[in-house]
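Accompanying notes for the structure given below.
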Protein chains: 2
Amino acid sequence: MKLKAETRKSEIIQTAAKLFKEKGYSAVTMRDIAAEMGIKAASLYNHITSKQEILKEIIISLAETFTLGLQDIQKSDSSSIKKLQDIVRLHVSIASQNTYEMASLNNDWMHLEEKLKYYLELRLNYEAEFRNIIAQGVKNNEIVNGNVEVMLFSILSTLRSLYLWIPKKEELNVENLSEQLSQVLINGINNKIN
Amino acid sequence: MKLKAETRKSEIIQTAAKLFKEKGYSAVTMRDIAAEMGIKAASLYNHITSKQEILKEIIISLAETFTLGLQDIQKSDSSSIKKLQDIVRLHVSIASQNTYEMASLNNDWMHLEEKLKYYLELRLNYEAEFRNIIAQGVKNNEIVNGNVEVMLFSILSTLRSLYLWIPKKEELNVENLSEQLSQVLINGINNKIN
DNA sequence: TAAAAAAACTAACAACTGTTAGTTTGCTTG
DNA sequence: CAAGCAAACTAACAGTTGTTAGTTTTTTTA
């Protein structure tokens, strides 16, 4: 049946993502993935067409999830600060449910072949929309009149690294972490007494 | 002569680091490195003992540079905020001079073999010292009384990602970028009018 | 329970991997 | 200019890689 095949395929992808996080795409062999599942490498090909397909499925579906999430936020008529808080929550939420896949998205995108161009489009577009939200906030006087690129880079770097850090938190409360992270990213850590 | 051999060896390491940044350690072959230098793979072995040695040299020397830099800052009797500004400058400075090597440090450390344990020690120690500086600032009331782990993670993630972003800046003024980055990381981006 | 479908298996391939051994080239120096 | 040496070369190795073909086992379905 199609449904069961989909299930087995997704098990392979999940297993692969886990190994990709540990050693990177290139260092993981089809035999590694098979061994982790307790089968032989050749058996994988009953469910997938190539190693490359696994990587593509991991990265593209995750990248599209981010893109859709950001579009929703952008459409809303919230304040710029509120939009940034929503973006933080988006990243915490996605990263917490996809810690393995996030590693491939961050570190192995360059090994995409046919889909590389499409991925780069998604990423560039994502960054441009993010930048617009910050720039709009500066115009509004909601956000301090500083270097927009530095703000974008700073926030996005932190959000993109979440997957490395979330697994170490024993109790993960998405709402709580998002709140704390927004606080730090938006208001800084300085205790301005003056 | 010893001096000339050292030079050729460091050329190999630099070439390798550049390729490692593009595709990761595992995806770069000795033949790739050789081709980039216009020689054959076997010739590399007149200067280095293994592929593994190249990675070790890249990562360990960079990690030690960070460790030494942080120790200097820690020793000083500056305020906690000033120490954080110094750490930002340390990272901007090192990252701007080692954009290739930073990629290996961030993404390929798990492929270290004999030196893996030592690397993990250095990293854990670095994070602990960084955490202490923040915690001290909280005690001082210099830093807001929030979640120290979140602050540490947020700042360190940004600093560790600098190598991805610095090459895109046409004009790189270390002092200037450090200043702007400190501003964002420490004071946030919120334009508190109230 | 028999047929069909899904999922595993064995065996093998051609290409590629890091590395070694032995040899040749070309520059430096006495 | 001859000797010595650094640095390149060719050829080859044993192991690993992704993948295919063909076959057998297991599970599902009628």
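The structure displayed is predicted, hence computed values, not measured ones. First the proteins, then the strands, lettered A, B, ... as listed; each starts at 1. Scope of the values below: all heavy atoms of this structure, side chains included, with no hydrogens, waters or symmetry mates.
Among pairs with a residue in residues 129-139 of chain B, those fulfilling side-chain hydrogen bond (donor to acceptor under 3.5 Å, both in side chains) read B:R131-B:E149, B:Q136-B:N140, at least two apart in sequence or across chains. Within the structure, ring pair (Phe, Tyr, Trp, His ring centres under 6.0 Å) contacts touching residues 67-107 of chain A (residues at least two apart or in different chains) are A:F66-A:H91, A:H91-A:Y126. The stretch residues 96-121 of chain A participates, sequence neighbours left out, in no salt bridge (charged side-chain N to carboxylate O under 4.0 Å, His left out) pair at all.
Qualifying side chain to side chain donor-acceptor pair (under 3.5 Å) partners for A:S61, counting only residues two or more places apart in sequence or in other chains: none. In this structure A:Q85 satisfies the side-chain contact (heavy atoms from CB on, under 4.5 Å) test together with A:I81, A:K82, A:S182, A:I186, sequence neighbours excluded.
When each of D:dA8, C:dA7, D:dG18 is scored by its nearest atom to the side-chain atoms of A:K51, the top-ranked nucleotide is D:dG18.
Side-chain to base pairing of B:N46 with D:dA8: one donor and one acceptor N or O lie within less than 3.5 Å of each other.
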Pick out the pairs of N or O atoms, protein on one side and nucleotides 10-13 of chain C on the other, that lie under 3.5 Å.
unit_1	atom_1	unit_2	atom_2	d
C:dT10	OP2	A:K40	NZ	3.1

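A 6.0 Å sphere centred on CD of A:Q14 holds no more than 12 heavy atoms belonging to other residues, nucleotides or ligands.
Taking atom CG on B:L44 and atom P on D:dA8, their separation rounds to 8 Å, with Å as the unit. Straight-line distance from the CD1 atom of A:I48 to the P atom of D:dG18: 10 Å, rounded to whole Å. A straight line from CD of B:Q52 to P of C:dT19 spans 9 Å, rounded to a whole angstrom. For the pair B:H111 NE2 and C:dT17 P, the interatomic distance rounds to 15 Å; values are reported in whole Å. At whole-Å resolution of the value, OH in B:Y25 and P in C:dT17 are 13 Å apart. At whole-Å resolution of the value, CD1 in A:I12 and C1' in C:dA8 are 11 Å apart. Atom-to-atom, NZ of A:K23 to C1' of D:dT16 comes out at 12 Å; the value is rounded to the nearest Å. Per the geometry, CE belonging to B:M30 stands 17 Å off C1' belonging to D:dT16, to the nearest Å.
Distances shown here put every side-chain N or O of B:H47 at or beyond 4.0 Å from the OP1 or OP2 atom of D:dA6.
B:N147 and A:Q180 form a side-chain donor-acceptor contact under 3.5 Å, judged by distance and modelled atom types alone.
Where B:A41 and A:T29 each meet DNA chain D at their nearest nucleotide, the meeting point lying more 5' is that of B:A41.
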